[in-house]
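Below is one structure, written out as structure tokens, with a few remarks after it.
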Amino acid sequence: MKTLEITNLRAQYERSRPEVLKGVSFNLDPDDFLAIIGPSGAGKSTLIRCVNRLVEPTSGDVIFNGVNVTKLNHRELRKIRRYIGMIFQEFNLVERMSVMDNVLSGRLGYTNTLRSLFRLYPKADIKKALDLLERVGLSDFVDKRADELSGGQRQRVGIARALIQDPKLLLVDEPTSSLDPKISKEIMGMIRKMSKEEGVPTLCNIHDVNLALEFSNRVIGLQDGVKMFDGPSKNVDKKTLEEIYAFEVL
Ligand code: ADP
């Protein structure tokens, strides 16, 4: 079964403004690390956010492991979002909370209200958080506050927080745009490695073409809300990039 089957997806923020996604279709396979590339404003972030309905599509279908996400009511949507981990551009950490608590907050979707109110987590969650923090290289930072960390370290917390959800899909939205080039590469490498180890199919919006081609197995090229390319990363050549970025000077 495909992890995602996206058909004819359309999105528009305001009626008076142009459509942002103009009928985009593609599939995501269970072993895919799919990079979405394209000029700024092409609709990459909107596409990612339509998958878990942070942005409501105006029409089209998003089938996630056989379930049509666009048809779910609020309660069903909340439930299915447990299985969709997200890594954000701005990290979205709670600044005054510890690294450990930030990671554990990824489990909140599974915890009952009373437990979550007191931030009481099962031992298994704490064990998993420690394991993930070790694997992202943050063992020595478990009790540090999020606001004491560097950008790269903060995104590592973001990676651990997404994976502690035991996601069946990882959505990654410009994970490196607030980081310098060296750290960006490290972070992309880490997301790739962790998603492989955890066996999580990944959809990644990444503006940097070189990083996209280095770490993904497949690429989708978006231009002005339209899919211009869909194929293996190794097939992306200069001509393909010129087509996708026709309106942007590289
Ligand atoms: P990309 O990720 O490719 O840079 P986005 O999906 O962020 O593109 O944006 C696509 C278009 O939608 C842009 O024209 C942007 O200005 C517009 N847009 C994005 N988010 C919003 C929003 N919350 N409200 C209104 N317009 C938006």
Side-chain angles (χ1 to χ4, degrees), residues 4-28 32-62 64 69-70 74 77 81 84-92 151 155 158-159 162 169-181 183-185 187-188 191-192 195 201-216 218-231 233 236 240-250:
L4 280 179
E5 291 167 87
I6 293 184
T7 319
N8 212 4
L9 197 67
R10 291 178 177 273
Q12 186 170 29
Y13 288 98
E14 288 163 52
R15 263 167 208 264
S16 57
R17 303 272 311 273
E19 269 192 308
V20 173
L21 297 176
K22 302 172 179 172
V24 175
S25 304
F26 67 95
N27 293 330
L28 184 79
D32 268 341
F33 192 105
L34 179 66
I36 307 171
I37 63 170
S40 184
K44 304 181 295 295
S45 180
T46 304
L47 177 56
I48 294 255
R49 284 159 192 268
C50 279
V51 172
N52 60 357
R53 282 175 52 192
L54 287 181
V55 172
E56 288 286 353
T58 36
S59 66
D61 290 316
V62 175
F64 167 52
V69 176
T70 64
H74 277 296
L77 181 62
R81 279 182 179 160
I84 305 178
M86 195 152 184
I87 297 173
F88 302 88
Q89 174 180 343
E90 297 299 339
F91 322 127
N92 287 6
Q155 194 54 296
I159 297 168
L169 169 67
L170 202 53
L171 300 176
V172 186
D173 194 11
E174 284 283 11
T176 64
S177 39
S178 1
L179 305 173
D180 71 39
I183 305 292
S184 295
K185 199 168 163 165
I187 289 296
M188 275 303 285
I191 296 173
R192 180 72 180 112
S195 71
T202 301
L203 188 59
C204 180
N205 162 25
I206 174 101
H207 185 74
D208 186 316
V209 174
N210 293 323
L211 289 179
L213 298 184
E214 181 171 350
F215 292 106
S216 66
R218 241 179 86 207
V219 164
I220 283 183
L222 272 192
Q223 183 192 87
D224 195 19
V226 176
K227 190 176 83 170
M228 301 288 285
F229 176 85
D230 184 346
S233 313
V236 176
T240 316
L241 292 177
E242 278 169 6
E243 275 167 22
I244 300 171
Y245 288 89
F247 300 130
E248 189 178 79
V249 181
L250 281 175

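Atoms considered below: every heavy atom in the structure, side chains included; atoms not considered: hydrogens, waters and symmetry mates. We count ligands from 1, going down the list as the structure has it; atoms in each ligand are counted the same way.
Closer than 4.0 angstrom to ligand 1 by heavy atom are Tyr13, Val20, Pro39, Ser40, Gly41, Ala42, Gly43, Lys44, Ser45, Thr46, Asn205, sorted by chain and number.
Lys22 NZ: more than 12 foreign heavy atoms inside a 6.0 Å radius.
The backbone N or O of Asn27 sits nowhere less than 3.5 Å from a side-chain atom of Glu5 that would complete a donor-acceptor pair.
Leu21 contributes atom CG, which lies 5.5 Å from atom OG1 of Thr46 (distance to the nearest 0.5 angstrom).
Looking at residues two or more places apart in sequence or on another chain, you find no salt bridge (Lys or Arg N to Asp or Glu O under 4.0 Å) involving Arg192.
Screening residues 170-181 for salt bridge (charged side-chain N to carboxylate O under 4.0 Å, His left out) gives Arg49-Asp173 as the qualifying pairs, with residues at least two apart or on separate chains. Within the structure, the salt bridge (charged side-chain N to carboxylate O under 4.0 Å, His left out) test picks out no pair touching residues 33-48 (sequence neighbours left out).
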